[in-house]
Amino acid sequence: QYWTSRGFGYLDVNYRGSMGYGTGYRKALEGKWGIYDVDDCVNGAQHLVDAGLVDPRRIAIRGGSAGGFTVLSAITRSSVFTAASSCFGVTDLKRLVRTTHKFESHYIGQLIGTQDIDAPVLDERSPINHIDDIGVPLLLIQGSEDPIVPAEQATAMYEALKETGVEISSFIVVYRWSGPTEEQRQHAVANWKRMIEIAVDMGVPVINTEFSGDPNQQEICNGMFFKSMEELLPIIEREGLRVEVQSHPYDFCELNDEACDLVKSFRSKNLGYVYSASHGFFYDQGKGDVRHMLKYAGDELTHVLFADTYN
């Protein structure tokens, strides 16, 4: 409903290998991962185009983990999609066999059809080996501490894309650096430090984020946000990155002007404000005075999100 109420057509594909359609359907993907799942997604999208239900110039595909593998495979094997988003997606099957946790370490043998880590089919179906076939905008989203699909999967994909001249403009992360508990804040700061390292290593100059607090504990979260920034901002400035923060509905800071005041209080060129058009109605309690909000942000306005495309 979120998507369709905003004019999007939304196709949720239960491709071959999905549960709920019988044993035969579930096992159909065995040995065919990266083929049947991709074919079903591509054919589903093409059917909507042929039926005149969607604009062929604006078709995006997204997926996470195994679904991310399908996304990356789809944009290397077809031209039906015009944008893609891979969330912690598998990019290199051989690398996954070596680095994933024990519980899922044998999945690839079943899904690809071989237990031989040196089998040519692993290279053939790994999206990282088909970089030259990617011709659409691609968003890579990856957690730094993912034990199942390690961060090096996305990093390696980025490096391979970079060699072809493709660059990543920014990351988007959401960590509980405003608490409300001290334990949450400390974990978030640790994740932030690792995220900063990844951004530097990958040459990504901008990280978008949110205040990520609790609207019912505003005073506590406000203090914890400043405490986290005291620790992180010197690192951000030293590395030459820019962190851009947006207020968000149901956060401890929900309003445009208040969020701008928080950002401005640090007086740092490495900290900016994100205006999200999707939440504009919320930022001034329903007044909808966009001109005022953008003007109030002033020079701290460094990024505008015209639409949410994930959550």
Side-chain angles (χ1 to χ4, degrees), residues 1-5 8-51 53-54 59-78 80-81 83-117 119 121-128 130 138-143 145-154 157 174 308-311:
Q1 289 180 339
Y2 176 90
W3 295 100
T4 55
S5 65
F8 286 84
Y10 191 96
L11 177 64
D12 192 357
V13 181
N14 289 315
Y15 53 72
R16 280 171 284 183
S18 299
M19 298 177 64
Y21 300 92
T23 302
Y25 193 82
R26 179 174 59 81
K27 289 188 174 184
L29 193 62
E30 294 182 3
K32 299 295 184 179
W33 191 30
I35 298 178
Y36 284 175
D37 51 328
V38 173
D39 288 346
D40 291 350
C41 291
V42 169
N43 290 335
Q46 188 61 53
H47 172 75
L48 296 179
V49 172
D50 295 341
L53 297 174
V54 297
I59 302 180
I61 182 172
R62 65 168 180 155
S65 195
F69 172 73
T70 301
V71 165
L72 296 169
S73 299
I75 61 174
T76 62
R77 290 184 47 210
S78 77
V80 68
F81 301 106
S85 173
S86 169
C87 304
F88 39 92
V90 176
T91 66
D92 187 334
L93 295 172
K94 282 187 175 180
R95 189 185 299 267
L96 185 69
V97 172
R98 295 195 304 267
T99 58
T100 194
H101 63 153
K102 183 177 180 181
F103 183 73
E104 295 189 13
S105 60
H106 298 290
Y107 280 7
I108 292 180
Q110 183 177 6
L111 290 170
I112 298 297
T114 178
Q115 297 291 343
D116 182 4
I117 189 174
V121 67
L122 295 178
D123 288 326
E124 293 169 4
R125 296 197 199 167
S126 292
I128 197 169
H130 301 281
L138 169 63
L139 174 64
L140 295 173
I141 300 175
Q142 177 68 48
E145 305 299 326
D146 191 333
I148 301 174
V149 182
E152 62 184 74
Q153 288 276 336
M157 188 71 176
V174 180
D308 268 343
T309 57
Y310 183 67
N311 188 355

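Side chains included, hydrogens not; waters and symmetry mates left out as well; all remaining heavy atoms used. For clarity, every value in this text was computed on a predicted model and none was experimentally measured.
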Problem - Over all atoms of both residues, closest heavy-atom pair of Leu93 and Leu122 - result: CD1-O, 3.8 Å

Completion exercise
dist Ile117:CD1 -> Lys94:NZ (nearest 0.5 Å) comes out at 7.5 Å

Exercise for the section: Find the distance between CD (Gln46) and CZ (Phe81) and round it off to the nearest 0.5 Å. Expected result: 9.5 Å

Handout entry: Distance, nearest 0.5 Å, that separates CG of Leu29 from CG of Leu111
Key = 5.5 Å

Handout entry: Side-chain heavy-atom pair Val38, Thr76 within 4.5 angstrom cut-off
Key = no

Completion exercise
Value for CZ (Arg77) from CG (Leu72), rounded to nearest 0.5 Å, stands at 13.0 Å

Problem - Under 3.5 Å: donor-acceptor pair, side chain of Ser18, backbone of Tyr15 - result: yes

Exercise for the section: Inspect the contact between Asp39 and Lys32 and indicate whether a charged nitrogen and a carboxylate oxygen are less than 4.0 angstrom apart. Expected result: no

Completion exercise
CZ (Phe88) and CD1 (Ile141) are apart, to the nearest 0.5 Å, by 8.5 Å

Exercise for the section: Mark yes or no for whether Arg16, through its side chain, and Arg26, through its backbone, hold a donor-acceptor pair below 3.5 Å. Expected result: no

Practice task
Any chance you could measure Phe69, atom CZ, to Leu96, atom CG, to the nearest 0.5 Å?
Solution key: 9.5 Å

Exercise for the section: Please answer whether the main-chain N or O of Glu124 pairs with a side-chain N or O of His130 as donor and acceptor at a distance below 3.5 Å. Expected result: yes

Practice task
Kindly say whether Ile128 contributes a backbone atom to a donor-acceptor pair with the side chain of Ser126 at under 3.5 angstrom?
Solution key: no

Practice task
Give a yes or no on this: more than 12 heavy atoms of other residues, nucleotides or ligands lie within 6.0 Å of atom OH of Tyr36.
Solution key: no

Exercise for the section: Kindly indicate whether the side chain of His47, heavy atoms from C-beta on, has any atom under 4.5 Å from the side chain of Asn43. Expected result: no

Practice task
Measure from the side-chain N and O atoms of Gln153 to the backbone N and O of Thr91, and report whether any donor-acceptor pair falls under 3.5 Å.
Solution key: yes

Exercise for the section: Answer yes or no: is there a donor N or O on one side and an acceptor on the other, between the side chain of Asp37 and the main chain of Thr70, under 3.5 Å? Expected result: no

